[in-house]
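Worksheet for the structure shown next.
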Amino acid sequence: MCCEIYTGMNSVTQISKLETINNQIASQEIEAGRKKGSVNLIAVSKTKSMDQIKPVIDEGHSHFGENKVQEAVMKWQELKKENKVINLHLLGPLQSNKVKKVFGLFDYIHSLDRNSLAEKMSDEAQKKGFCPKIFIQVNTGLEQQKAGIEPEKLSEFMDTIQKFMDLNIIGLMCIPPINEAPETHFRLLKELADENGLLELSMGMSSDYMAAINCGATFVRVGTAIFGLRQYG
Ligand SMILES: *Cc1c(COP(=O)(O)O)cnc(C)c1O
């Protein structure tokens, strides 16, 4: 991409980091009494160029995450037509007017957080005859600047979706506040998922994915620890 600065990282590094993380996940599954293979690793490739991502794809890795719709269209649209194994995850906020664009490109959407968006997605699902797998984002830290539905409003939101909409809700997602112990938030998210009969939990990033696995994560979203630091131009 135009603004990418060379970070001195070659593909060998990415692959060995990926392998290390896969091994860590496998042993943490055992350690935490989780089922083998119950944790999926999403390689978060936002801001990274296809040159940097390609080696990870060639290694057979299948889950990738982006946080901007336009960037994802440019990087993945063509590639996904040839490579049917790739599962693409939208991790960032979704504007209602982009719903049409994300259907068919993303297999998973992690950021459903409001009624109006749910309605748009439900309409689109009916039109298209399919629906991506959806996580509801929960603002576990009640942070004003952060997206996500408040924990206490979740069950009402779920009720509304179940009664009036046609959506494939599979689980919950959270991004804990940066300066708090993440476990508190991971446990809260797990509780909320249990209460609402949801099986999947999208939680844990480069700094805390092991803790997230202990708390029941089924999808961890790891960027920096695989691809190195991001440069924003
Ligand atoms: C960027 C991002 C990640 C990955 O963060 P790292 O700290 O680089 O692992 C995970 N989740 C979301 C929602 C993100 O935007």
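All residue numbers in this chain count up from 1 along the given sequence. Keep in mind that this is a model prediction, so the values were computed, not measured. Counting starts at 1 for both ligands and their atoms, in listed order.
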**Q.** Ring-face cation contact, Y108 with K133, 6.0 Å cut, 45° max
**A.** yes
Q) side-chain contact (heavy atoms from CB on, under 4.5 Å) between V44 and F227: does it pass, once the steps are laid out? A) CA-CA 8 Å; V44 180; F227 295 108; 5.8 Å; no
Q) Between R230 and K48, does a side-chain contact (heavy atoms from CB on, under 4.5 Å) hold up when you go through it step by step? A) CA-CA 7 Å; R230 286 179 289 274; K48 299 296 169 181; 4.1 Å; yes
Q) Can you name the side chain to side chain donor-acceptor pair (under 3.5 Å) partners of K98, sequence neighbours left out? A) Q95
(Q) Tell me every residue that passes ring pair (Phe, Tyr, Trp, His ring centres under 6.0 Å) with F64, counting only those two or more places apart in sequence or in another chain. (A) H61, W76
Q.
Under the rule for salt bridge (Lys or Arg N to Asp or Glu O under 4.0 Å), what residues qualify as partners of E150, not counting sequence neighbours?
A. K153
Note every protein N or O atom lying under 3.5 Å from an N or O atom of ligand 1, pairing the names and giving the distance.
residue: ligand 1; atom: 8 (O); partner: T224; partner atom: N; Å: 2.8
residue: ligand 1; atom: 8 (O); partner: T224; partner atom: OG1; Å: 2.5
residue: ligand 1; atom: 8 (O); partner: R230; partner atom: NH1; Å: 2.8
residue: ligand 1; atom: 8 (O); partner: R230; partner atom: NH2; Å: 3.1
residue: ligand 1; atom: 9 (O); partner: S206; partner atom: N; Å: 3.0
residue: ligand 1; atom: 9 (O); partner: S206; partner atom: OG; Å: 2.5
residue: ligand 1; atom: 9 (O); partner: G223; partner atom: N; Å: 2.8
residue: ligand 1; atom: 11 (N); partner: R221; partner atom: NE; Å: 2.8
residue: ligand 1; atom: 15 (O); partner: K46; partner atom: NZ; Å: 2.7

